[in-house]
Amino acid sequence: MSTIRIDLDRAIGTVDRQIFGGFIEHEGRSIYGGVVDRIDSPLTDDRGFRADVAAALKELYLPILRWPGGNFVSGYHWVDGIGPQESRHPRLDLAWNAVEPNRFGTDEFFAYCAELGTEPYLCFNMGTGTLDEALAWVEYCNGDRDTYWANKRRENGHDKPYGVRYWGLGNEMWGDWQVGHMTAEAYAAEAKRWALALRRLDPEIRLVACGRNGWSDWDQLVIDELVRYVDYHSIHMYSGSDDYWSNVLSPLQAERSIKACAAMIERARYVQHVAHPVRVIYDEWNVWFATRGDRRADRVVEERHTLADALAVATYLNVFVRNCVPLHMANMAQMVNVLAPIVTADDGMFVQAIYHPFRLASRRTLGTALDVWVDAPVHEFSDIPDDRVVNRIADMGPFPLLDAAATTDEDRRTVVVSVVNRSLDDVRARVEVGPRARIARVAAELIDAPSEDSVNSFDAPDVIRVTDGAAPVAQSESALDYAFPAHSVTWLRLELE
Ligand code: AHR
């Protein structure tokens, strides 16, 4: 029998709810056809927001939403997207070879965030954009004095400053697909110049440096050069593979990324005597492999997510909870149509497999992460997976077939555990909460489907959904035996006496 041992006395740290953030970009049908749609559609409200999509997003309790890109931002001039909609101009978007109509701009994004009850996180254009433009954007959003851009906001009907806290210093500036990409040295020098000026304008803003994957030379240099000037270092990760084991295990790379990145930050802070904390933000993450390289402007990167992808997403979220001390925020990329949990058509929508683990994690996770020890049968790569796995993880094995993360509330009366069973068979495990705890009640929720390749679709939207999980096979005062179904995600809620 496997064991999942939860140590109630060993709190890892506080889980920042920002790890359940989202990201929407002007790409494919993410904004147009996803977030907003034809004003005469029965699915849109009077602002053009799709009510069905907004309702599905509200279910996710997103604490933060990143916008407008992504690659798109590196050619985006925010001024094109303000003022009366009829006087806005379409522009060429070089990132996705598309025409950007500019119907959805800064004020519409804030209205959307207000609709969802989420906090906005904006990313600057450091590709074709200028520092002057960035300063003007902050002034437009946050200025409270009698100045040109603050007055423009007022003219556009928004008297009160929006008070945007989070600002990203560029997106993936290290990649040659990024319009205006740079060397690490050039980026660090430019970002420092921007950071110093932006803080003069608004000392309250929180600045996010543009990192890469967490362990690269780019990360190292940017951290060393910017640690004094920023509040966060952002990293991105997309994983996935046609190979089931590579797909479900790759997210564990995020664990290595966060640790490596946090260590580099700690080193830089110590060596440079930097007093303020600098934490990690996973500002893009998801499963993305089937449509990689697809650069069609229309249905670009509309990944169809399987149950295996849902297991991968649940694993990412477990990793984020386990690493809650260095990790401040994480944003699923993206939320609608593009790689996303929500897929729309003119007359409706459905939610993909990955929607369910995200929703459960966002709603069920409690405030304090607990140490969890897992002993289970393992998977070991027997071939040479490094050749075909996007994220090289084979060296991190052997991998327990169960992956778990646990959280508790302030008075330790409730413990919730997220368990990913990546085995293709049921796995029976004893879940222990320590000798002093007495389990009064157990509730279980389950995500599974007939096969690891199962998908939801318009025709069959509920193949993968959340159901009540089975009762424990056996239960004592401080432990229970539970049969975790093959390829599944289970959320156990233990009420303690
Ligand atoms: O989310 C899709 C793209 O992936 C983003 O535009 C970019 O930042 C990343 O490469």
Side-chain angles (χ1 to χ4, degrees), residues 20-39 41-45 47-73 76 81 93 95-96 98 100-105 108-123 238 283-288 290-291 294 296-305 309-310 313 330-359 362 455-458 461 464:
F20 304 115
F23 166 48
I24 53 172
E25 173 176 3
H26 292 244
E27 177 187 355
R29 299 190 310 126
S30 164
I31 304 292
Y32 306 107
V35 168
V36 292
D37 218 326
R38 295 185 341 264
I39 205 79
S41 158
L43 295 173
T44 55
D45 67 13
R47 296 163 297 181
F49 296 162
R50 279 196 56 147
D52 53 349
V53 171
L57 286 174
K58 282 180 197 169
E59 278 288 300
L60 298 178
Y61 285 6
L62 297 174
I64 190 113
L65 191 60
R66 178 173 179 256
W67 176 84
N71 298 339
F72 170 79
V73 76
Y76 178 59
D93 157 25
W96 303 108
E100 167 54 45
N102 281 307
R103 183 180 143 206
F104 188 88
E108 287 78 17
F109 174 62
F110 293 145
Y112 198 62
C113 288
E115 174 69 27
L116 300 186
T118 192
E119 179 172 354
Y121 166 16
L122 298 182
C123 186
Y238 293 99
D283 67 15
E284 289 183 26
W285 67 271
N286 207 344
V287 177
W288 177 14
T291 59
D294 182 349
R296 287 170 302 154
D298 176 17
R299 302 252 151 165
V300 89
V301 293
E302 296 212 1
E303 197 97 345
R304 286 295 161 261
H305 290 292
D309 296 353
V313 161
N331 304 308
M332 178 184 253
Q334 301 182 15
M335 300 317 294
V336 192
N337 287 327
V338 173
L339 308 173
I342 297 168
V343 177
T344 66
D346 281 349
D347 55 356
M349 54 151 277
F350 71 93
V351 298
Q352 300 217 68
I354 61 170
Y355 181 87
H356 297 298
F358 191 93
R359 177 177 161 278
S362 179
V455 290
N456 287 347
S457 63
F458 280 107
I464 301 144

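Sequence positions, counted from 1, serve as the residue numbers for this chain.
Residue N286 holds its CG atom at 11.5 Å from CG of N331, rounded to the nearest 0.5 Å. Considering CD of Q334 and CH2 of W67, their distance stands at 13.5 Å, rounded to 0.5 Å. To the nearest 0.5 Å, atoms CD (E303) and CD (Q352) are separated by 8.5 Å. To the nearest 0.5 Å, atom CZ of residue R50 and atom CE of residue M349 are 8.0 Å apart. The CZ atom of R66 lies 11.5 Å from the CD1 atom of I24; values are rounded to the nearest 0.5 Å. Separating the CG atom in L62 from the CE atom in M332 is a distance of 10.0 Å, to the nearest 0.5 Å.
Remark: side-chain polar atoms of Y32 are not paired, donor with acceptor, to backbone N or O of E100 under 3.5 angstrom.
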Could you go through D346 and R38, starting from their C-alpha distance and side-chain angles, then the distance that decides it, and tell me whether this counts as side chain to side chain contact (heavy atoms under 4.5 Å, CB included)?
CA-CA 9 Å; D346 281 349; R38 295 185 341 264; 4.3 Å; yes
Take L43 and D37 through the side chain to side chain contact (heavy atoms under 4.5 Å, CB included) test and state the conclusion after the steps.
CA-CA 8 Å; L43 295 173; D37 218 326; 6.0 Å; no
Please report the C-alpha distance between F110 and L122 in whole Å, then the side-chain angles of each, then the deciding distance to 0.1 Å, and finally whether the side chain to side chain contact (heavy atoms under 4.5 Å, CB included) criterion is met.
CA-CA 10 Å; F110 293 145; L122 298 182; 3.9 Å; yes
Side chain to side chain contact (heavy atoms under 4.5 Å, CB included) evaluation trace for L65 with L57:
CA-CA 11 Å; L65 191 60; L57 286 174; 6.0 Å; no
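Of all the heavy atoms in P357 and V313, the pair that sits closest is CG-CG1, 3.9 Å. Between I464 and A353 the shortest heavy-atom distance is CD1-CB, 3.6 Å. Between P68 and V73, the shortest heavy-atom distance links the atoms CG-CG2, 3.6 Å. Minimum heavy-atom separation, W96 to H26: CD1-O, 3.5 Å. F458 approaches V343 most closely through the heavy-atom pair CZ-O, 3.9 Å.
Look at R29 and E302 and you find a salt bridge, because one of the NZ, NE, NH1 or NH2 atoms lies within 4.0 Å of a carboxylate O, short of that distance. Classification of R103 and E108 as a salt-bridged pair fails, no side-chain N sitting under 4.0 Å from a carboxylate O.
Using modelled atom types and a 3.5 Å distance limit, the side chains of N337 and T344 yield a donor-acceptor pair. Counted by atom type alone, D283 and Y121 present one or more donor-acceptor pairs between their side chains at under 3.5 Å.
A 4.5 Å side-chain heavy-atom check between F109 and P120 finds at least one atom pair inside the cut-off. Between Y355 and F350 the shortest side-chain heavy-atom distance does not fall below 4.5 Å. Between E284 and F23, some side-chain heavy-atom pair lies under the 4.5 Å cut-off. Proximity of H356 to V351: side-chain heavy atoms (C-beta onward) are separated by under 4.5 Å at one or more points. Inter-residue side-chain proximity for C113 and E119 is flagged as unmet; no heavy-atom pair is nearer than 4.5 Å.
For Y61 and F20, the distance between ring centers is not under 6.0 angstrom.
Looking at residues two or more places apart in sequence or on another chain, you find a salt bridge (Lys or Arg N to Asp or Glu O under 4.0 Å) between E59 and R359, R363. Partners of E25 by salt bridge (Lys or Arg N to Asp or Glu O under 4.0 Å), not counting sequence neighbours: none found.
The side-chain contact (heavy atoms from CB on, under 4.5 Å) test with V36 singles out one residue from I31, V53, D45, T44, and that residue is I31. Screening N71, N102, D93 for a side-chain contact (heavy atoms from CB on, under 4.5 Å) with Y76, the sole residue that qualifies is N102.
Aromatic ring orientation, F358 versus W285: parallel (interplanar angle below 30°, classes split at 30° and 60°).
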